[in-house]
Amino acid sequence: AVVSTQSTGVSNQCLGQNSCSVTASNSVFGDPCSGTVKKLTVRASCLLKNQVCQTGFLENSVMNLTCPSNYRISSINYASYGVPSSSQCGADRFGSCHSNKSY
């Protein structure tokens, strides 16, 4: 089932789920840099399975993470809401604008 809650942080919303939806918004993550368009970037692992990566979800859009059937999201390896220093999945570097509520 797709889960979407008001708890802050990708971990709170996604760990243990097969799939989850997270809104990339200041109301969820706070506003780490006022007046700047932010993005949500997440890299997660599915239990005993491949890695799921979602990048570049613009502010006020919804990111969906989904594992293969019968697998659950076991860890959030990287999460950043702000302006990442790289938009390449796996290049996990926070930019100068990053919400500490991302995980």
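From a predicted model like this one, the values you see are computed outputs, not experimental measurements.
- Taken to the nearest 0.5 Å, the OG atom of S45 stands 15.5 Å off from the CZ atom of R72.
- To the nearest 0.5 Å, atom NZ of residue K39 and atom OG of residue S61 are 10.0 Å apart.
- In this structure, C33 and K38 have side chains that are in contact, with non-hydrogen atoms separated by less than 4.5 Å.
- The heavy-atom pair separating N77 from A44 by the smallest distance is OD1-C, 3.4 Å.
- Here the side chain of Y81 pairs a donor or acceptor atom with the backbone of N26 at under 3.5 angstrom.
- Of the possible polar contacts, one joining the S99 side chain to the K101 backbone as a donor-acceptor pair under 3.5 Å is found.
- Atoms SG and CG, from C97 and D31 in turn, are 7.5 Å apart once rounded to the nearest 0.5 Å.
- Distance check, rounded to the nearest 0.5 Å: OG of S80 to CZ of R43 gives 12.5 Å.
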Step-by-step side-chain contact (heavy atoms from CB on, under 4.5 Å) determination, V22 to V42 | CA-CA 10 Å; V22 180; V42 175; over 6 Å; no

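- Counting all heavy atoms, side chain and backbone alike, A24 lies closest to L40 at CB-CB, 3.7 Å.
- Inter-residue side-chain proximity for F29 and V10 is flagged as met; some heavy-atom pair is nearer than 4.5 Å.
- When only modelled atom types and interatomic distance are considered, N64 and S21 share a side-chain donor-acceptor pair under 3.5 Å.
- The two residues Y71 and C67 come nearest to each other via the heavy atoms O-CB, 3.7 Å.
- Across every non-hydrogen atom of P32 and G82, the tightest pair is CG-CA, 4.4 Å.
- Q13 contributes atom CD, which lies 7.5 Å from atom OG1 of T23 (distance to the nearest 0.5 angstrom).
- Here the straight-line distance linking atom CD1 of I73 with atom CG of N18 works out to 7.5 Å at 0.5 Å rounding.
- Cluster annotation: V28 and V83 are assigned to distinct hydrophobic clusters (Ile/Leu/Val/Met/Phe/Trp/Tyr, side-chain heavy-atom contacts under 4.5 Å, transitive).
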